[in-house]
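FYI, side chains are in, hydrogens and waters are out, and symmetry mates aren't considered; it's all heavy atoms of this structure.
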Amino acid sequence: MNKEVPRHQRPSPLTKLLFGAPHYPEHSTAEEMKEDGARMAAAGVNVVRMAEFAWDLMEPRRGEFDFLIFDQAIADLGGHGVDTILCTPTATPPRWLTVDHEDWMRVDANDRRMVHGSRQQCCTNNPGFRAESERITRAMAAHFAGNPHVIGWQTDNELYCHMSECYCAACVEAFRGWLRKKYGTVAALNAAWGNRFWALTYDSFEQIGLPYSDRPTYANPGQHLDYFRFLSDGVCEFQQGQVKILREVQPRWWVTHNGAFPHIDYWKFTEDLDFLGVDVYPGFAGEQPGDFHWGALRGDETRAASGSFIVPEQQGGAGGQRPYLHEALPPGQMRLWAYQSIAHGADGMLHFRWRTCRFGAEIYWNGILDHDNIPRRRYREFSQEGNELKQFGAKILGTAVLTRAAILIQCDQDEAWTTMQLGLPDPGRQRKVVYRELLTRHLPAGVVDASDSFEGLDIIFLPGFVLMDEDLASRLDAFVRRGGILVATARTATRDRNNQVIPATPPGLLAAVFGITVEEFGKLRSPLVALEVESGGSIPLSVAYEILNPMGAETLARWSGTADGSPHAAPGEAGICLNRLGNGVAIYIGTYYSAENAGQLVDLALKHATIAPLAAADGMVEITCRHAEGRKLYFVLNHYGQQKKVANLPEGIDLISGKLCTGEITLAPYEVAIIQT
């Protein structure tokens, strides 16, 4: 990775914008595969992904390898200009491998052991399974090392998609080893976890087990947070074993993975990769036009860990398994969703999947071609997209998404909330409503990891950052002093990295930055109080309040009286404060973001910002900008089923239509424009 720029701004190392689909020769007939190459080439396809679930085919018996079907498919497609991304097939080990290894299977919190018959049943912390995973990786790598059509690899498939927490014996031993490495002594562990509470003190690491949340009551939050960190580190190690082999065998290959799922710190996970991948299925988000931000946020959260990324699986039709079926996509929406991912940093786009499978658990997960292998409107739309990208994809490569307003993300913050939820909004929920608010205002906004550089940012939102340390506090302080705007919500910086509440008055290490102390916190119940803005107007209620004591900060809003006049501690007290520090300002909001109040709370912050919208349009028209030295690309996406006008765009050429944009365009339903300045 290029370490000279903030990670969220790093372009990928790809030399061409990838376009294609996951392809399954093992699910296809010989007659079908004879047509595939020509059909793909006609559709503008330049890459496919293969083999993530084919371990049993490539190694039908231990040590007996047969790669013929993939050799033939790769060669046939390569002859039509289609390269291949191979996958390590470790999400689905063959039955001959697992039949005598019940101990390799994952165990859930109810002590139910997983069985063969689905996928991801084996524990990635089990040393035996890890050894087998590296063995098949080495065999595949050695076989395909000289194949010119294999350009890169995907590790496993959607790690932790179905089950991330495991309670097997291997995890118990691995957790103890992880703790020994982190703490050195059990005395240090006891102090970090606060084990004096409930007489939890341990005498040795061998006494420590995995945390259960209901045996008989709630687990120690310090132990629980470390367990989640252990889960992330464990899957990082599992991936490291495969990546090391791939890089040793063939240095020209790039390596990625398709996330993003719970209990993986993708900032660390991506360190081993050339770039991250993410699977994007907006059908899971809902069916209203306003749900469009779901796919955008998925891309931006990936970009926060990786910089530019790829989409190994982008929804290509109605998806469905046993309990559900997504709504069929109207004409144009598949292409629209693909461009949305590209607008948020994707340098590769593979629509799942090439041909719909006729057997197994995903027989109703639509591919580009139907069960009967006849091209219809999905293929035509796929072809339109592919041939467009073939014409101007090179102009997208090397650009990064322009980001001036950032919502900070950090895996530790999400995990800390999980250990102590209290019925309060989680960081992800707050992140979502602020992100949607910024997106509908057409601002150059995105998600940035708290470990990343803050260079180039004008405003930072801190949603749900209960954990704080001196390093992050110092960098946030410096950000404000040099002219940035920092915005935080209730309970910020109230715990240390051991998940213990700090003894200092909140917000602890950030008290001087915000110029306040928090004198009282509580959940709101009927009769409720509200926030009255000093300059006029009121802000809708959230689920909690904080009473702020300004220590140099000015008050922007105060708590109102209760509706029925009953006593409450908050009325008349400060609820939102602004502190001027150096060249910047820090705003502390003594409540949480919600769908009802996000607009007004974001307004308070933007009054002090100089960020301008990228263009003027309806809130359901999405506008982003990808930039590089000497050029900017404005992506304009209409998520409505009706035409929409967009104004105040820069003058340039629409790469899709070839027409000149003089500042205003009209987009047809689900249409896209890319204006190059």
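Salt bridge absent: Lys244 and Glu134 never bring a charged side-chain N and a carboxylate O closer than 4.0 Å. A salt bridge links Asp36 with Arg355: the distance from a Lys NZ or Arg NE/NH1/NH2 to an Asp or Glu carboxylate oxygen falls below 4.0 Å. A salt bridge is defined here as a Lys NZ or Arg NE, NH1 or NH2 lying under 4.0 Å from an Asp or Glu carboxylate O, and Lys34 with Asp76 fails to meet this definition. Ion pairing between Lys390 and Glu385 fails under the 4.0 Å rule for side-chain N and carboxylate O.
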Would you sort out whether His257 and Phe269 count as a ring pair (Phe, Tyr, Trp, His ring centres under 6.0 Å), showing the intermediate values? CA-CA 9 Å; His257 178 74; Phe269 185 84; 5.3 Å; yes
Test salt bridge (Lys or Arg N to Asp or Glu O under 4.0 Å) on Lys432 and Glu301 and set out the steps. CA-CA 11 Å; Lys432 179 179 178 180; Glu301 289 181 341; over 6 Å; no
Output, in order, the C-alpha distance, side-chain angles, deciding distance and verdict of side chain to side chain donor-acceptor pair (under 3.5 Å) for His293 and Glu622. CA-CA 9 Å; His293 65 279; Glu622 185 178 0; over 6 Å; no
Using the salt bridge (Lys or Arg N to Asp or Glu O under 4.0 Å) rule, take Arg62 and Glu132 through it: C-alpha gap first, then chi angles, then the decisive distance, then the call. CA-CA 10 Å; Arg62 175 180 289 280; Glu132 291 296 323; 3.2 Å; yes
Tyr281 and Glu313: CA distance, side-chain angles, deciding distance, side chain to side chain donor-acceptor pair (under 3.5 Å) verdict: CA-CA 8 Å; Tyr281 291 97; Glu313 298 179 21; 2.5 Å; yes
Step by step, work out the side chain to side chain donor-acceptor pair (under 3.5 Å) result for Tyr339 and Glu671. CA-CA 10 Å; Tyr339 275 113; Glu671 191 50 83; over 6 Å; no
Give the intermediate values and the outcome of side-chain contact (heavy atoms from CB on, under 4.5 Å) for residues His344 and Arg298. CA-CA 9 Å; His344 289 273; Arg298 195 158 176 85; over 6 Å; no
Carefully, step by step, assess Lys632 and Gln676 under the rule side-chain contact (heavy atoms from CB on, under 4.5 Å). CA-CA 6 Å; Lys632 289 184 178 179; Gln676 177 178 276; over 6 Å; no
Could you walk me through whether Asn258 and Gln154 pass the side chain to side chain donor-acceptor pair (under 3.5 Å) test, one step at a time? CA-CA 7 Å; Asn258 56 336; Gln154 172 189 297; 3.2 Å; yes
Walk me through whether Ile310 and Leu14 qualify under side-chain contact (heavy atoms from CB on, under 4.5 Å). CA-CA 10 Å; Ile310 69 169; Leu14 294 171; 3.8 Å; yes
CA sep, side-chain torsions, deciding dist, call: Phe144, Phe67, ring pair (Phe, Tyr, Trp, His ring centres under 6.0 Å): CA-CA 9 Å; Phe144 292 105; Phe67 301 107; 5.5 Å; yes
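In terms of heavy-atom proximity, Val45 sits nearest to Gly20 at CG1-CA, 3.8 Å. The shortest heavy-atom contact between Phe19 and Ala43 is CE2-O, 3.7 Å. Closest non-hydrogen pair, Thr84 versus Met50, comes out as OG1-CE, 3.8 Å. Contact record, Leu649 with Val646: CD1-CG1, 3.8 Å, taken as the closest heavy-atom pair. Closest approach of Glu651 and Leu660 over heavy atoms only: CG-CD1, 4.3 Å. Closest heavy-atom contact between Ile623 and Ala615: CD1-CB, 3.5 Å.
Side chain to side chain, Gln314 and Ser341 meet the donor-acceptor criterion of an N or O pair below 3.5 Å. In this structure, a donor-acceptor pair under 3.5 Å is present between the side chains of Glu35 and Asn373. Under the 3.5 Å distance criterion, with hydrogens and angles disregarded, a donor-acceptor pair is assigned to the side chains of Asp156 and Thr90. If you check the side chains of Thr98 and Arg95, you find a donor sitting under 3.5 Å from an acceptor.
Put simply, the side chain of Met163 does not reach to within 4.5 Å of the side chain of Gln120, judged on heavy atoms. Arg138 is not listed as a side-chain neighbour of Arg135, based on a closest heavy-atom distance of 4.5 Å or more. Taking the side chain as every heavy atom from C-beta outward, Asp449 and Arg7 never approach each other to under 4.5 Å. For the pair Asp279/Glu158, a side-chain contact is recorded, criterion being any heavy-atom separation below 4.5 Å from C-beta on. Annotation: side chain of Val280 is not in contact with side chain of Gln315 (no heavy-atom distance under 4.5 Å). Residues Asp274 and Ser12 fail the side-chain proximity criterion, which asks for heavy atoms closer than 4.5 Å. Contact annotation: the side chain of Glu271 never approaches that of Cys236 to less than 4.5 Å [non-hydrogen atoms, C-beta and beyond]. For the pair Tyr640/Pro669, no side-chain contact is recorded, criterion being any heavy-atom separation below 4.5 Å from C-beta on.
Taking a 6.0 Å sphere around NZ of Lys16, one finds it holds more than 12 heavy atoms contributed by other residues, nucleotides or ligands. Counting heavy atoms of neighbouring residues, nucleotides and ligands inside a 6.0 Å radius, atom CZ of Phe53 exceeds 12 of them. Few gaps surround NZ on Lys644; more than 12 heavy atoms of other groups in view lie less than 6.0 Å from it.
A donor-acceptor pair is defined here as one N or O able to donate and one able to accept, closer than 3.5 Å; no such pair exists between the side chain of Gln242 and the backbone of Thr155. Side-chain atoms of Arg10 do not come within 3.5 Å of backbone N or O of Phe275 as any donor-acceptor pair. Side chain of Asn638 to main chain of Gln642: a donor-acceptor pair is present (N/O by atom type, distance under 3.5 Å, no hydrogens or angles). In terms of modelled atom types and a separation under 3.5 Å, the side chain of Thr440 and the main chain of Glu437 share a donor-acceptor contact. Of the possible donor and acceptor atoms, none in the side chain of Trp96 sits under 3.5 Å from a partner among the backbone N and O of Asp56. Arg378 places a side-chain N or O within 3.5 Å of a backbone atom of Gly367 that can act as its donor or acceptor partner. A donor-acceptor distance shorter than 3.5 angstrom exists from the side chain of Thr356 to the backbone of Leu369, with no hydrogens or angles considered. Remark: the backbone N or O of Met58 is not paired with any side-chain donor or acceptor of Asp66 at under 3.5 angstrom. One N or O on the side chain of Arg358 and one on the backbone of His371 form a donor-acceptor pair closer than 3.5 Å. Between the Trp253 side chain and the Val150 main chain, a donor and an acceptor come within less than 3.5 Å of each other.
For the side-chain contact (heavy atoms from CB on, under 4.5 Å) test with Ile656, the passing option among Ile675, Val672, Leu389 is Val672; the others fail.
Trp354 does not carry Arg49 over the face of its six-membered ring by the limits of under 6.0 Å from the centre and within 45° of the normal. Remark: Lys395 fails to qualify as a cation-pi partner of Phe392 under the 6.0 Å distance and 45° angle criteria applied to the six-membered ring.
Aromatic rings from His351 and Phe382 are positioned such that their centres are separated by under 6.0 Å. Here His162 and Phe261 keep their ring centres 6.0 angstrom or further from each other. Between His639 and Trp337, the ring centre distance reaches or exceeds 6.0 Å.
Atoms SG and NE2, from Cys625 and His442 in turn, are 14.5 Å apart once rounded to the nearest 0.5 Å.
Note: Tyr24 and His27 have parallel aromatic rings, judged against thresholds of 30 and 60 degrees for the angle between ring planes.
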